[in-house]
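A quick write-up on the structure given underneath.
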Amino acid sequence: MSGFDEKNKRFRGGFKSFFSEWMILFLFIFLVIICCICSPKFRTTNNIMNVLRQASFISIIAMGEFFVILTGNMDMSITSTIGMTSIFFSGFVVNSGMPMWLAIVIVFAISTLMGAVNGILTVYGKVPSFISTLVVMNIMKGIYFIYSKGLPISGLPDSFNFFGAGYVGFIPFPVILMILVGVILYFLTQHTPLGRSFYAIGGNMEAAKLSGVNVKFVGVLAFVICAWLSSLGALGLTAKTLSGNVMIGENLLFDVMTIVVLGGTSLAGGRGKIVGVIIGALFLQVISNIMVLLSINTYWQWVVKGIILIIVVVIDSNTKRD
Amino acid sequence: MSAEKLIELKNCTMDFPGVRALDHVDFTLISGECHGLVGENGAGKSTLSKCIIGDNHMTEGELFVLGKKISIPNYSVRESQKLGIAIVHQEFQLMNDLSGLENIFLGRYETKGVFVDWKALEKRGNEIMEFLECDIDLSLPVKRLRTAEKQIVQLAKAILDNPKVLILDELTAVLQERDIKNIFRIINLLKAKGMGIIYISHRLDEIFQCCDSYTVLCDGKYINSGLVKDIDKNELIKMIIGRELKNVYPPKETNFGETILEVRNLTAPKAFKNISFDVKAGEVVGIAGLLGAGKTELLHAIMGNHKIESGQIIYKGKEVHIKNPREAVKLGFGIVPDERRMLGLNMQFDIKDNTTLPSIDNFTKHRIFIDHEKAAKAAFDENEKLNLKYTSLWDSVKKLSGGNQQKIVVAKWMLRNCDVFLLDEPTRGIDIGAKFEIYTLIHDLAEQGKAVVLVSPELDELIGLCNRVYIMFEGNMMGMVQGKDINQETIITNLLGEK
């Protein structure tokens with residue numbers, strides 16, 4: 001038995017291997033300390049809650065993209081899933097007078113379909129995911145632009161605002177939602193056979209197949225999960241302004257990709273953690289926040305985020321992990 | 001013509017993480033000779049040739065090319081090409097959709113201004129074909145050529161710049177007898193031009209047919225070298241194996257149970273047709289055949305990973321229709337694929353996750369959550385049985401040597417408690433010690449009443465381990481040998497389609 005205990009030790013490399021596995025966490029702590037020193041406004045409870053709230057929906061969307069990247073693919077269509085959800089949900093409720101729960105059910109049905117089409121084209125049709133999701137993105141974009149004529153749809157009931165901007169005690173509701181989704185997905189990815197098969201596929205598709213993993217189902221499921229979480233995030237973003245907007249998801253793809261990679265997910269697939277994604281989202285949000293607090297022109301954010309993404313990808317592509 | 005030393009390798013040592021692939025090896029090649037480099041799989045032949053062409057940077061030792069000392073850190077494949085070293089690999093390194101002509105001149109086009117001078121290329125291409133006395137239509141895309149013709153195109157490409165040294169790495173492994181004779185004829189032509197040829201082959205007969213001298217490697221160590229005319233085949237075999245054959249293999253199991261797996265008239269387009277065989281519990285059945293005989297496809301077809309057109313698979317007395325590997329695994333099949341890094345293991349996973357991958361459903365709490373402790377314990381027990389050398393279950397499988405990696409691929413199916421083990425070249429590229437352990441493992445599986453199908457390119461292995469050996473040739477079943485008939489000659493005559 002002692003033999004087993006000996007061989008079942010983790011982090012044999014001591015702190016060093018622990019550090020390299022949780023690099024992003026240490027970087028994040030470092031960043032927060034720097035920000036606290038630089039800006040007194042940053043360390044107010046109000047501001048910290050603000051950062052958490054702003055990070056919440058984008059981190060939920062990023063957790064969806066995480067699954068697709070984990071299986072070695074890429075979903076470009078999230079911007080359209082988000083736009084579709086925002087427009088159709090608002091349209092159904094405001095224009096057609098549908099009850100909100102029904103609108104939500106229909107919107108999720110459409111996003112399931114989008115995810116399934118992405119997945120089926122990629123997994124069964126063997127279309128590179130970059131292309132299949134780009135096509136789905138454009139088709140769906142066309143559809144909701146036709147539906148809305150490109151105009152925003154406002155007039156959602158005020159009660160819906162709670163979903164995007166409400167508080168439970170002093171904690172914003174979106175933060176609670178982010179933590180809830182994070183915990184569920186953590187258990188899914190780390191503690192269920194299904195969750196592990198996402199890693200198995202991303203690490204080595206053929207070996208997973210020969211080991212009896214249902215590679216096609218799991219491959220498609222990754223896209224569906226991504227679409228669901230994009231829709232969930234989109235509902236939150238819509239609730240904040242109480243209006244559906246075709247442009248709501250336009251600039252999110254870049255941030256989502258940055259977050260997923262920043263969180264330690266390998267672009268080649270097979271490696272990454274849900275917790276890493278959440279930390280990645282917070283990391284990026286803290287950077288935006290501190291730049292606002294220091295009154296730096298917002299366009300600089302694009303420059304800074306771009307540089308961060310490329311640094312992380314260069315590191316990811318050139319480190320040999322063991 | 002005075003013989004000149006083209007290549008001189010002194011004390012060459014090559015370390016890979018966890019494995020010493022070459023251990024103080026000496027090697028000399030002189031002009032105008034064909035030097036056979038022989039040894040088992042994993043003996044270090046390919047590593048040695050990679051050191052010579054600069055693909056590997058040897059850890060220790062000196063290399064002289066044409067009498068000039070090479071600075072190892074600055075050495076590269078480009079550099080070796082400039083010095084006049086060319087290599088033809090066993091695997092086809094041709095662009096399938098380009099013509100033979102373009103393949104030969106790829107990267108070395110003759111130009112008129114900025115344009116490719118196709119006429120000049122055609123002329124030179126024809127000159128080379130004339131020199132080789134081969135009649136191949138170079139205007140055809142390479143994929144439409146026969147295997148043997150592709151090899152000639154590869155050869156033509158290699159000798160285009162008149163290299164001084166030509167390395168032929170298992171060039172004949174995929175060829176038939178008469179095509180091999182043609183290669184020998186070409187080798188003699190090249191020797192006459194003063195070229196030095198390093199000839200790597202598994203087939204010992206070829207060494208005696210076309211080589212002037214030999215060097216034997218075993219387990220990465222230099223064993224001997226000398227002139228071919230001074231030795232006979234038995235002496236060579238003894239040097240290669242390093243011990244008597246009978247010590248290597250465990251005794252064969254003789255108590256068989258019921259027939260577990262029966263395959264009837266299985267046909268897959270372009271891979272194999274009308275294949276029938278059966279395996280009993282406790283039996284090791286071998287499948288012999290050259291590259292392209294359809295052995296790998298057959299195993300994958302049984303696993304549901306290769307389309308079949310017709311035929312039946314009968315498992316434990318009932319006909320089964322396996323649509324994908326998942327169903328096969330559920331039934332009790334396990335495959336150890338030939339490409340262990342590509343097909344057998346998830347290199348990003350650690351040891352325990354790789355070991356438990358097919359059986360993870362058996363280690364759950366409330367049928368939903370994985371019981372990590374139980375899974376790790378099971379992985380530990382299984383790997384302990386196989387005498388796996390590792391430090392922690394949480395280590396990536398990347399760190400392990402080939403032999404230990406292979407043990408994990410077997411361990412994962414043992415943990416799953418499979419009834420049928422399909423082993424596709426289980427000893428490919430692993431050292432002799434690990435090979436012996438795999439042999440013992442195969443014997444243990446049979447003893448436990450498992451049905452084992454063993455595909456191997458090494459006849460010795462099949463002869464030493466199998467109760468029966470089926471022989472495939474270009475997708476056809478040529479015959480079956482058993483008992484005392486399992487010997488080199490009977491298998492080889494069937495193997496080459498000369499029935």
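Per chain, numbering begins at 1; letters A, B, ... match sequence-line order. The analysis underlying the following values was restricted to heavy atoms, covering all of them including side chains, and did not include hydrogens, waters or symmetry mates. As the structure is a computational prediction, the values presented were derived from the model and not from experiment.
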Note to self: Once you measure the plane-to-plane angle for A/F67 and A/F198, does it fall in the parallel (<30°), tilted (30-60°) or perpendicular (>60°) bin?
What the structure shows: perpendicular
Item checked: Proximal component of B/K412, with respect to chain A [non-hydrogen, under 4.5 Å] -> side chain
Check: With a 4.5 angstrom heavy-atom cut-off, which part of B/D353 approaches chain A: side chain, backbone, both or neither?
Finding: side chain
Note to self: Tell me which of these, B/I360, B/I368, B/I351, has more heavy-atom pairs under 4.5 Å with chain A than the rest.
What the structure shows: B/I368
Note to self: Taking the ring centre of each residue, are B/F333 and B/Y315 less than 6.0 Å apart?
What the structure shows: yes
Checklist line | cation_pi(A/K273, A/W22) dist<6.0 Å, angle<=45 | finding: yes
Note to self: Closer than 3.5 angstrom, by distance alone: can the side chain of A/S197 be matched with the main-chain N or O of A/P193 as a donor-acceptor pair?
What the structure shows: yes
Check: Does any non-hydrogen side-chain atom of A/K305 lie less than 4.5 Å from one of A/F254?
Finding: yes
Check: In terms of heavy-atom pairs under 4.5 Å, which option from B/V329, B/N324, B/D350 contacts chain A the most?
Finding: B/V329
Checklist line | Side chain to side chain, A/L188 and A/L194, heavy atoms closer than 4.5 Å | finding: yes
Margin query: Please rank B/L393, B/I370, B/N383 by heavy-atom pairs under 4.5 Å with chain A and give me the top one.
Written below: B/I370
Next item on the list: Could you look at B/L343 and say if it's the side chain, the backbone, both or neither that has a heavy atom under 4.5 Å from chain A?
Entry: both
Notebook entry, point to check: Using a cut-off of under 4.5 Å for heavy-atom pairs, which of B/E384, B/Q348, B/M347 has the most such pairs with chain A?
Noted result: B/Q348
Margin query: A side-chain contact here means heavy atoms from C-beta on lying under 4.5 Å apart; do B/M472 and B/I275 qualify?
Written below: yes
Note to self: Is B/F349 close to chain A through its backbone or its side chain, or both, or neither, when contacts mean heavy atoms under 4.5 Å?
What the structure shows: side chain
Check: Which atom names give the shortest non-hydrogen contact between B/P426 and B/I442, and what distance separates them?
Finding: CG-CD1, 4.4 Å
Next item on the list: Select, from B/P337, B/P358, B/G304, the one with the greatest count of heavy-atom pairs under 4.5 Å involving chain A.
Entry: B/P358
Checklist line | Among A/M205, A/K209, A/Q190, residue most engaged with chain B (heavy-atom pairs, under 4.5 Å) | finding: A/K209
Note to self: Please classify the contact between B/Y390 and chain A as side chain, backbone, both or neither, with a heavy-atom cut-off of under 4.5 Å.
What the structure shows: both
Margin query: Quick check on the interface: out of B/K352, B/R416, B/M342, B/K365, who has the most heavy-atom pairs with chain A under 4.5 Å?
Written below: B/M342
Checklist line | Aromatic ring proximity, centroids under 6.0 angstrom, A/H191 and A/Y186 | finding: yes
Check: Non-hydrogen atoms of chain A under 4.5 Å away: do they reach the side chain of B/R341, the backbone, both or neither?
Finding: backbone
